[in-house]
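Here the structure is laid out as C-alpha cells; the discussion comes afterwards.
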Protein chains: 2
Amino acid sequence: MLAPLVRDMMAAELPVLEANGLSMWGYSVLVALDRSAIRTQAALAEAIGADKTRIIAILDELQDRGLIERVPDPEDRRARLLAITKAGRRAKEATQAAIQQGEERWLGRLSPGDRAAFVRILQELSGVDWS
Amino acid sequence: MLAPLVRDMMAAELPVLEANGLSMWGYSVLVALDRSAIRTQAALAEAIGADKTRIIAILDELQDRGLIERVPDPEDRRARLLAITKAGRRAKEATQAAIQQGEERWLGRLSPGDRAAFVRILQELSGVDWS
DNA sequence: TATTGTTATACTCTATAACTATA
DNA sequence: TATAGTTATAGAGTATAACAATA
C-alpha cells in the first residue's frame, strides 16, 4: 500500500524539484548539510542512504553552482569537509517551501487529528531497526 | 520521511519474496489477478502501475511456472485473458503470509489504536488524485 | 597496510519506438 | 486505420571493482 503511494508522491514532487533546479539526491544532500556540516563524503552518503560513489557527481555539481563547500580537511587531507553555503541554504529553503506546499494537497485531506497522528506514527516507524 | 521508510521496508521484504521465488512485480501480478481475472495485459499493467512492455517477461515466467493462465480471447484474438491458477494462488497466499509476518515486526511496535489509525489514514491517502 | 575519494565498468531497470497479428 | 501484444534499443540509475592520494 505504501509503495504506490510513495511512487505517486515522488512523481508529483519531481517537477517541483526540477523547477528549483535540484535533483532528488541534490536536495537530500542540502537537507542533510543544513542540519549540520559533515566531515567525510562517506558519512554523508550513509546519512542520506546513498552509495559513496553515487554522490560524487552530485557534490561536483552542487559545488560548481556554489551551493555547498567541499574543502580538504587540513588535519587529514584524505577527507573533505562538507558544508552548505548561504546560497545553498536559500535554495534549500525555497525548494522545501514548494514541496511542503505540494504536500498540503494531500495532508490537507486529513482531519487535524489524523494529520498529527500520521506524522507521529511515521516518526515512530522511522526509528525501527530493519536488519 | 516516507521514502527512506519504504526503501528500508522493500530491502527487508525483497529476501522474503526471493525465498518464495517471486520478484516484486511477479508478486504484484499474482495479487492483482487473485482479486479478479483481467482481459488485457495493458489493463493489468495499469492496475499494478507498470509499463505494458515491462510485464511481458514477468508474465512469460509466471506462465512457464504454471502460476497464471494466459489464453487468447476467442472473441478478440489480439487480447490475452489473464487468470491466476490454483498453484499461483497457493504461491501468492504463502508469500503474502510471509510478508505479513515480516510486517508484524514494525506494525507490532504501534499501539493497537495507532495501528488501526495508520492503516485507515493510508487508505484515505491512497484515494488522492495526484495529477 | 588501511582509508578517503575518485574513476571505470558492468548490470539492472525503465521508457521509447518499431514490428507482428488481429480487428 | 487502429489496437493488443511483442521485440529491440537506448537511456538512466545503481553497484562493484580497480585506482590514486594520504595516513
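Reminder, nothing fancy here: chain letters follow the sequence lines and each chain counts from 1.
- Taken residue by residue, residues 35-46 of chain A places no heavy atom nearer than 4.0 Å to DNA chain D.
- No salt bridge links Arg109(B) with Asp114(B); every basic N to acidic carboxylate O contact stays at or beyond 4.0 Å.
- Other residues, nucleotides and ligands contribute only 12 or fewer heavy atoms inside 6.0 Å of the CD atom of Glu18(A).
- Nearest heavy-atom pair, Pro74(A) versus Leu81(A), reported as atom, atom and distance to 0.1 Å: CD-CD1, 4.1 Å.
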### Summary
Whether each nucleotide of nucleotides 8-23 of chain D has a protein heavy atom under 4.0 Å at its base (B), only at its sugar-phosphate (S) or at neither (-) is summarised, 5' to 3', as ------SSBB----BS

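- Put simply, the side chain of Arg77(B) never gets that close to the backbone of Glu75(B): no donor and acceptor are under 3.5 Å apart.
- Grouped by direct or indirect side-chain proximity (heavy atoms under 4.5 Å, Ile/Leu/Val/Met/Phe/Trp/Tyr only), Ile56(A) sits alone.
- Dense packing is recorded around CD of Glu104(B), with more than 12 heavy atoms of other residues, nucleotides or ligands lying under 6.0 Å away.
- DNA chain D is contacted by no residue of residues 63-72 of chain A, taking any non-hydrogen atom closer than 4.0 Å.
- The separation between Leu59(B) atom CG and dG5(D) atom C1' is 10 Å, rounded to whole Å.
- Looking at every heavy atom in both residues, Ala50(A) comes nearest to Trp25(A) through CB-CZ3, 3.7 Å.
- With a 6.0 Å radius and a threshold of 12 heavy atoms from other residues, nucleotides or ligands, Glu46(A) has its CD atom at or below the threshold.
- Using bins of under 30°, 30° to 60° and over 60° for the plane-to-plane angle, the ring pair Phe118(A)/Phe118(B) lands in the parallel bin.
- Using a distance-only test at 3.5 Å, with no hydrogens or angles considered, a donor-acceptor pair links the side chain of Asp51(A) to the main chain of Thr53(A).
- Chain B approaches DNA chain C within less than 4.0 angstrom (heavy atoms of the protein), and the contacting nucleotides run 5' to 3' from dT14(C) to dA23(C).
- Atom CD of Glu93(A) has more than 12 neighbouring heavy atoms from other residues, nucleotides or ligands inside a 6.0 Å radius.
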Which side-chain N or O atoms in residues 28-38 of chain B pair as donor and acceptor under 3.5 Å with protein atoms at least two apart or in another chain?
{"residue": "Ser28(B)", "atom": "OG", "partner": "Met24(B)", "partner atom": "O", "Å": "3.0"}
{"residue": "Asp34(B)", "atom": "OD1", "partner": "Arg89(B)", "partner atom": "NE", "Å": "2.6"}
{"residue": "Asp34(B)", "atom": "OD1", "partner": "Arg89(B)", "partner atom": "NH2", "Å": "3.1"}
{"residue": "Asp34(B)", "atom": "OD2", "partner": "Lys92(B)", "partner atom": "NZ", "Å": "2.7"}

